[in-house]
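Quick note on labels: first sequence line is chain A, next is B, and so on, each numbered from 1. All values below come from the heavy atoms of this structure, side chains included, with hydrogens, waters and symmetry mates left out.
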Amino acid sequence: MEKIKQFFSKLWVSIKDFFVNFNYKKVLKIFTNTKVLNSFAAIFVGLLIGFIVMIFVAKNPFTGEWSFNTALDGLERLFGGGSRSLKNFGDVLFKAAPLILVGLSVGFAFKTGLFNIGASGQFMVGGVAALYAANLLTLPTGLHFVVAALAGIAAGAIWGFVPGILKAIYNVNEVITTIMMNYIAMYLTVMMVTYPKVYDGGLTAINTNFPTAHTPVLGLDKLFPGSNIDISIIIAILVAVLIWFVLEKTTLGYQLKAVGHSKDASKYAGINYKKSVAVSMMIAGGLAGLAAALYYLPIKPAYFRPIEVISPIGFEGISIALIGQSHPLAIIFSGTLISYIKEGASQMQLFGFNKEITNIVISVIIYMIAISSYLGMVINKRKERKRELAKEEETDEENKEEPQVKGGEING
Amino acid sequence: MKKVLGIFVLAFMVFGFAACNGDSGAEEKDWNIVMITDVGTITDKSFNQGTWEGVQQFAEDNDIPAMYFRPNDGTQAEYEAAIDLVVENGANVVVTPGFLFETAIYNKQFEYPDVRFILIDGEPHTPDYSTYETADNTTNILFQEEQAGFLAGYAAVADGFTKLGFMGGMEVPAVQRFGIGYVAGAFYAANELDFSITFPANRYTYLGDFDASPAHITAATGWYSSGTQIIFAAAGGAGQSVMAAAEAETGFDAKVIGVDVDQAADSETVISSAMKRLAVAVQQELTAIIIDGEGNGGTTLVKGADEDAIGLPLGDSFKWDTFTEAEYETVYALIEDGSIVVPATEDELETFLEAHAGNPDVADLVEATMSEAE
Amino acid sequence: MDYAIEMLNITKSFGPLVANDNIDLKVKHGEIHAILGENGAGKSTLMSILFGLYKADKGTIKINGETVNIDSPNDANDLNIGMVHQHFKLVEVFTVLENIVLGLEDKKKGYLDLETPREKIQKLIDRYNLKVDLNALIKDISVGAQQRVEILKMLYRDAETLIFDEPTAVLTPQEIDGLFEIIREFAKEGKSIIIITHKLNEIKAIADNCTILRKGKHVGTVDVKDTSVNRLAKLMVGRDVDFSVEKALSKPKDSVLSVKNLNYYNKDKTKKLLNNINFDVREGEIVCIAGIEGNGQTELVNLITGLDPVTEEGSLISLNKEDITKASIRERFEAGMSHIPEDRHKHGLILDYNLAENFISNTYYKPKFQEHHILNFENIYHYAEELIEKYDVRSSLGSKSKARSMSGGNQQKAIIARETSRKHNFLVAAQPTRGLDVGAIEYVHKTLVEERDRGNAILVISLELDEVMNIADRILVIYEGQIMAELDPKKTNVEEIGLYMSGSKKQKVNGGSKDGEN
């Protein structure tokens, strides 16, 4: 218990430090960082290409004639739809929370050298677990939500643990096992949805009426009137900060990242590779499970229907992690961005555009990021190497006169 | 390079946030119809498409702007957001096909009293079903699916099919009514024409979803290969799976009865379809609201044979072999004038079979039509 | 007009770094010309310019007296210049024959024709005695054979100028002799040979002339016959180099590491890789394991350090009287073991971690570096600065430099710093000087001797006989997984060790440490 207290006090101190020592130069530095610029440029190019596609398909929704103005109108919605009103922006944040957490799930695994394609499956079992806890347990308001969310986390963690342990012990590729776990999750949850005690025949989904277990709103709806916002976005941001802290500041993060960077070198250093892989996948799964809890527990939640389709959210998580380059804090922004673009794209329909244009935009962004981060990597490596060589030469010059050197110069 | 990127980023942000303050300038006086789609696409050959065809036809005939809007997800929150958005954008008639809209309409009918809502296949209520209320600006349209089912069942037996099956999607009231009417029609015809038919309880099932899947193909294939000649697939997209199974059946000429809309174009095996004439019903109400200026706000319209809102497709899609259009018209007229009151619940079905179908010994089948819960 | 190759006033810079500064290189027909320099002196850059991989900023290249432009390796090919890179460029899953013709495939009616080339290549093989099985897959043949494939590739393309980049780094002494035979044969035929190396003895053995580069500058070109090894070294490093390692007589005390009846098989149990190995390493002595690569050294190190598990019953490894046969790697570290691994990049460093993070890779869990599982970065960076200072590890960003960006020598220094600063009394060093230049080698040897003088037990695995002779207090020769002999470096010579290494001689008494008192 004492340990946990200590842990959190340390966490608090480092967060406080961040804000106390906050200065705009640091922030500016973050934004002029090549990686960040790459991401922004990629996003821009993605939107640009989206716009070009829009110009081609722009049709006045009523007259059916091609019109450049319609394309502009659509673009305005794509860019600005998410921030037209506080309500819109509140909804953007509301929908961003699960996306951020799924992005973290993929990003965290990625940082530790694992490719979690199973976020979808972890999300589905997490969702069912949270909904079961919400429907079947009787607990006071607030606590009930926490228990339901923990149930989601636990189920997701178990779903991540299986591929983790298979990878650790039998070296089975996690890409394959997580995909298979997705299918198992899909059929299992379809089966579990129709359990009469939780099933709502009217919705054809798991009952969404569990007044004590809904995500608390805590007055955030006053800030964003009319929107569905609740504390899920705050939870998502806090969890992102926590994940960042664990990765960057703790021995656990040190171990996990070491294993991610080099399995052999960490084995040599005495790090328990198997445990690391299992733990990492469990955490990733838990994050996806929490995402599901926040997706299915709000007052106006998504419905858990018995559809035999693997939830696409895990794949969106991959996009979000890529755009955020797996950095936990950047994922807060990339998750919100995707939510923002989706909101805008949905509104574009008012001008006769198919909302699937979002998919074009997002995929172009990802391609651009893949290309630019690759180029950036190559350029950075060359730069670094050059700097190294230059530096070594420099220090050699300096050391010339030191006494340990026997003999003098020879002129060639 | 960095500078250029920086400028792009800046431009993007400025443009993005400058674009925040667009306002919609549609005039209030003019009618503006927007349909919000249910789960699925506009070309789902089912609910969305049927409703949209009606809206589109009406809009063209009367030169009124109409469009459709696809929400991000089939949830109350998304439906409400979609309604907000289209109303903000000038819509004043909102057409929503599907019972999933019930809770969203319940909230929004009060919020937008000047907007007319047409809710198809449902009635507004709170999420916990505690309160049902239809405001004056909302019209609910329900269908007598049992009548369509009855016609399908009657036609199949009259055409000489003796081994029947029913595959519903999820067990929701509308699907149940299709099934109950189908059973009633089949045994009514068998009694009237003195045919012997086989329709055991294990040939009546609800698949659990409305989506095509290999599992459904397997199930349907099992039925056909064990002799079932015709399956009424009241199962949305899952009907495609039943059709695939029928197409693959080589032993005999397996048949499918489609649902909701005329599905003859989907497969050669579709011999007929138990239709809800969504387009007709929607046009009737749009006419009532926009042309006649009144509409049936505050009420639930239950449309059936009387309003010509259900039926089997005629013309090219009428593919029955021995059953004729004339015979069809005769039965249709009987339903229309109330000579036949088609049952809509398990209890009514039991009574109906006793009274009008020679009381066949099918208690198991009757039980299969409705599960006890809810 | 006598010269086959003339590179005049070549200058090439990468940003602020001038890799080649006004360098001249002239090679005659039939001449074997060595290019000598430490790592980073500009040898590879110069050859890359000649081979068309880089474009020089300034300077001219003449082939047989004519000025030419070499923009790509294809141009170099057309000018009959061939190069064997240090890291071979072969397709592992292709056969030898396919690799040789790759890029110059003959076609017959649209199909690949391998028969015509096969004849030509077979002739080359017979003529130069380049023994290699044309039908074998690259991944199945030895490194030496792979090098012969690279040579055949050049010959198949009718190369007149042959460039060898560190050709002996991967070869056994016998293979080196074979290679030199072949190279002399080429020279006799009038081909021009350029050898890049930093091994002085080899230059003496084979080269006619030698061009020396230091830090991108041309130090001079000398006639090898008239130049001593020591002078070559001085030219290369810029100061006198002391090859012999100064050390006092070893005074070994108690046994620290003890290996008993160690047996080991390959995965499918078809081959015995280690055969009944017994030896001890005692406080204050350096024991060297000499042998040709691939005779069980790697397996031995992996078993001692715990990278591979001991699988055979009866095998026993103990450290400080403690049985560590089944211990985890961390338990072995805790028991007093330090390990300088053979492969710096694979095992020694987490390349994407910075220097400070690498310094704590096997001690991060100690109270000094963490409290309640939260890393104490203040201590970590302080510790890093200490080690950087003490071990003179050079890098551009100090403790924040990424390990990946550092030079090989400094990477090795960093590993040595980490492993010798940890609490330990036993050090395993597997090929600790592999790929390092003279200065760094001196440094490593000095450190190892210091370690010994502090009373630690040291086990060194080395493929370089010179190194073994210089630093060992006791030599164990390994051949096919068996200890063939235990020798005292003062009472033996390279020739004798060579006989044991090649398996042609074996001591009667098999490696029992108790007989090894000296």
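- Heavy-atom proximity under 4.5 angstrom to chain A picks out C/P341, C/K346, C/H347, C/G348, C/L349 from residues 340-349 of chain C.
- Neither the backbone nor the side chain of C/R332 comes within contact range of chain A, judged by heavy atoms closer than 4.5 Å.
- Heavy atoms only, all atoms of each residue included: C/S361 and A/A269 are closest at O-CB, 3.3 Å.
- The environment of CZ in C/F369 is crowded: more than 12 heavy-atom neighbours from other residues, nucleotides or ligands sit within 6.0 Å.
- Heavy atoms closer than 4.5 Å to chain C are found in both the backbone and the side chain of A/K257.
- Side-chain atoms of C/Y365 never come within 3.5 Å of backbone atoms of A/T251 as a donor-acceptor pair (strictly under, hydrogens ignored).
- Heavy atoms closer than 4.5 Å to chain A are found in both the backbone and the side chain of C/I360.
- When side chains are defined from C-beta on, C/I329 counts as touching A/K267, because their heavy atoms get closer than 4.5 Å.
- Of the atoms belonging to C/F377, it is side-chain heavy atoms, and not backbone ones, that fall under 4.5 Å from chain A.
- Per-residue heavy-atom pair counts under 4.5 Å with chain A were compared for C/V222, C/T221, C/N358, C/L307, and the maximum is reached by C/L307.
- Using a 4.5 Å cut-off between heavy atoms, C/E419 contacts chain A through its side chain alone, with no backbone atom that close.
- Using cut-offs of 30° and 60° for the angle between ring planes, the A/Y254 and C/Y364 rings count as tilted.
- Interface summary for chain C: among A/K249, A/Q255, A/E248, the most heavy-atom pairs under 4.5 angstrom belong to A/K249.
- Heavy atoms closer than 4.5 Å to chain A are found in both the backbone and the side chain of C/E357.
- A/Y268 places a side-chain N or O within 3.5 Å of a backbone atom of C/H339 that can act as its donor or acceptor partner.
- Separating the CD1 atom in C/I374 from the CZ atom in A/F245 is a distance of 4.0 Å, to the nearest 0.5 Å.
- In this structure, A/I271 and C/R330 have side chains that are in contact, with non-hydrogen atoms separated by less than 4.5 Å.
- For C/K400, the NZ atom is loosely surrounded, since the number of other residues' heavy atoms within 6.0 Å does not exceed 12.
- The shortest non-hydrogen separation linking C/L375 to A/T250 is CD1-O, 3.5 Å.
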